[in-house]
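One structure below.
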Amino acid sequence: MEKAPRSARGGSRPGAGRPRGESSKVIRLPVSLVPAVQSLLAAPAGARVPDPHATSLKRPLFGHKVKAGFPSPADDFVEAWLDLNEHLVEHRDATFFLQASGDSMIGAGIQEGNLLVVDRSLEARHGDIVIAVIDGELTVKRLEKRRGRIRLIAENPAYAPIELQDGQELTIWGVVTSVIQRIKR
Amino acid sequence: MTFALIDGNNFYVSCEQVFNPALEGKPVVVLSNNDGCVVARSAEVKALGVKMGAPWFQMKDLARKHGILAYSSNYALYADMSNRMMRVLETYSPQQEIYSIDECFLGFDGFPAGELAAIGERIRRQVKQWVGLPVCVGIGATKTLAKLANHCAKKGRAGADGVCDFGRMRPAELDALFARIAVNEVWGVGRRLTEKLAARGIASVRDLRDADAVSLGEMFSVVLQRTVMELRGVSCLELEELAPAKKQIISSRAFGTYVYTLSELEEAVSTYIARAAEKLRRQHSVAGALQVYIRTNPFKPEHPQYQRGLSFALPAPSGDTRTLTRAALWGLKRLFKPGYAYQKAGVMLMDLRDAGVLQGQLFDAAPPDRPALMQVIDRANAQWGRGTLKLASEGMAKPWQMRRERVSPGYTTRWEDLLRVN
């Protein structure tokens, strides 16, 4: 079929009209995700998209700026990737994250809202900061084991040490191995 | 051959107790979808005579009287705890078959026979300490025996606390034990079969073990014949380390409230298709046929009743949510009748086959699948949460969605839900 002669006026505008080829579908998504989704969609077919199941956060041992045209002399010296999970979590299946509340452990650097990395696989020793269960309540305190006596010590003079009363049972839920404080809100 | 079966005690309840130690020693139940039935019971609830599957609304009085605490199913929490438990168990053997969310088989070949019970003890201690969950360990020469040993361990029937190793028992001891256990405790022997076996004078495990396997096989099934052999210590079932790909995928839910309109049903069916299609793609399959069904509440006979399903083949096998949704909604339109209070809808993907062997079509009736787009959707949803990217046909508000009024926080899966300690 012959094409109609072009009119002097009007004409096509880029992006106008229905998209051709494959039919499309409108998808609704939260506005905050638009850039991320657009970048995913921009990936060519068969491209590797970042694996959402990846748990580790890799940081190069030392970074460098790429100068166009010249390979970095440091490239040959990158030896390892630092993984924060590897650094903070020794036993993945036994490690749980809890959140500190209150100020009873302020002397140990544990503040309200801090993230506690708790490893259940460790045997609690004298002096460890532990998550303990007393009367069904969880608490974070320093464990004191002296002459067969066990006490839970707060790191704040405003709180008295917790001594076990008769009939009370204390279970160690886990040992706190790290405290994470986010300083940029 | 030697197998171990490790099974979590009251698994869902135990998961809740890890993060809420005050629940220990209390009567606790976990409820199914829509807070309908009891799917897990603490020992205290079992002692009250509450049966598995008991409808919660019938238990309200009992619950008030005994202070029974009820939780909605927190699947995210249970799945995370299950993964932790399975990975710990995996370290005990090169062969593991994960049988369900709370149980797995381990191959124990090559371990010194005298040490197996001690290994079982170690497993119990480690899972309890690392993950906080109590488990029982059953050890036997076949999978069926390991499962039975696990039952004995759980009920304290073989003496040892939490670990039962049939391999350590003398034949006379086993005889006496098997004579005391009802035949319905055997793996694969259900209620119906139990009745039929009873009619033939087979009431105990020992009766079944000593019955004529071949004639039972002819009368009932090869499966039962194998069970008899397994009870005698002849291993017929191997460990299935890779879960076989599912033959069909079902996604169905009862609604939180009654649904009357086609548009609400369309949202529900779209949502179920999206979930089923995601599972379909995870096992690298495509579906060649589809079923949609809707029904009213059969337990309200005073309401007008309607129940219908429609199964049909797709023009071409597909793994694309858009194609499957279009097909399902087409079917739903044909099923729907106004004027009923619908209580449940469901979809089933059938005729599943390997996505790799897709055939081209002579006439392109439907637009082709776009695996790359589906991959983007699946990954976005995996990374930012289910439903982040979805077809608009799923709807936004979903007022029909299931009730989970008593669900505990996502202690291990949501940053904002972490357990707080002071």
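Lettering follows sequence order; numbering is per chain, from 1. Atoms considered below: every heavy atom in the structure, side chains included; atoms not considered: hydrogens, waters and symmetry mates.
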- With a 4.5 angstrom heavy-atom cut-off, which part of A:V133 approaches chain B: side chain, backbone, both or neither? side chain
- Query: Between A:D103 and A:Y159, is any pair of side-chain heavy atoms under 4.5 Å apart?
  - Reply: yes
- Would you give the length of the straight line joining atom CD of A:Q99 to atom CD1 of A:I180, rounded to the nearest 0.5 angstrom? 12.0 Å
- Highest number of heavy-atom pairs under 4.5 Å with chain A: which of B:Y411, B:W130, B:F19? B:W130
- Query: Heavy-atom distance under 4.5 Å to chain B: side chain of A:I131, backbone, both or neither?
  - Reply: side chain
- Under 4.5 Å from any heavy atom of chain B - which part of A:L115: side chain
- Message: With a 4.5 angstrom heavy-atom cut-off, is it the side chain or the backbone of A:T95 that approaches chain B, or both, or neither?
- Response: backbone
- Under 4.5 Å from any heavy atom of chain B - which part of A:T139: both
- More than 12 non-hydrogen atoms from neighbouring residues, nucleotides or ligands closer than 6.0 Å to NE2 on A:H87, yes or no? no
- Query: Taking it one step at a time, do A:F96 and A:R120 satisfy side chain to side chain contact (heavy atoms under 4.5 Å, CB included)?
  - Reply: CA-CA 8 Å; A:F96 294 84; A:R120 290 182 56 102; 3.4 Å; yes
- Taking atom types as modelled, is there a side-chain donor on B:S318 or B:D369 under 3.5 Å from an acceptor on the other? yes
- Message: For B:K128, which atoms come within 4.5 Å of any heavy atom of chain A: side chain, backbone, both, or neither?
- Response: backbone
- Note on the structure: Comparing A:G174, A:A100, A:S101 against chain B, the one with the most heavy-atom pairs below 4.5 Å turns out to be A:S101
- Query: Side chain, backbone, both or neither: which part of B:E24 has an atom under 4.5 Å from a heavy atom of chain A?
  - Reply: neither
- Query: Which is it for B:L290 and B:I273 under the side chain to side chain contact (heavy atoms under 4.5 Å, CB included) test, yes or no, and what are the steps along the way?
  - Reply: CA-CA 10 Å; B:L290 198 152; B:I273 282 280; 4.2 Å; yes
- If you tally heavy-atom pairs under 4.5 Å against chain A, which of B:N20, B:N422, B:L419, B:L23 wins? B:N422
- Query: Side chain, backbone, both or neither: which part of A:E137 has a non-hydrogen atom closer than 4.5 Å to chain B?
  - Reply: neither
- Heavy-atom check, side chain of B:V30 versus side chain of B:Y78, under 4.5 Å: yes
- Note on the structure: CD1 of B:I6 to CE of B:M85, rounded to nearest 0.5 Å, is 8.0 Å
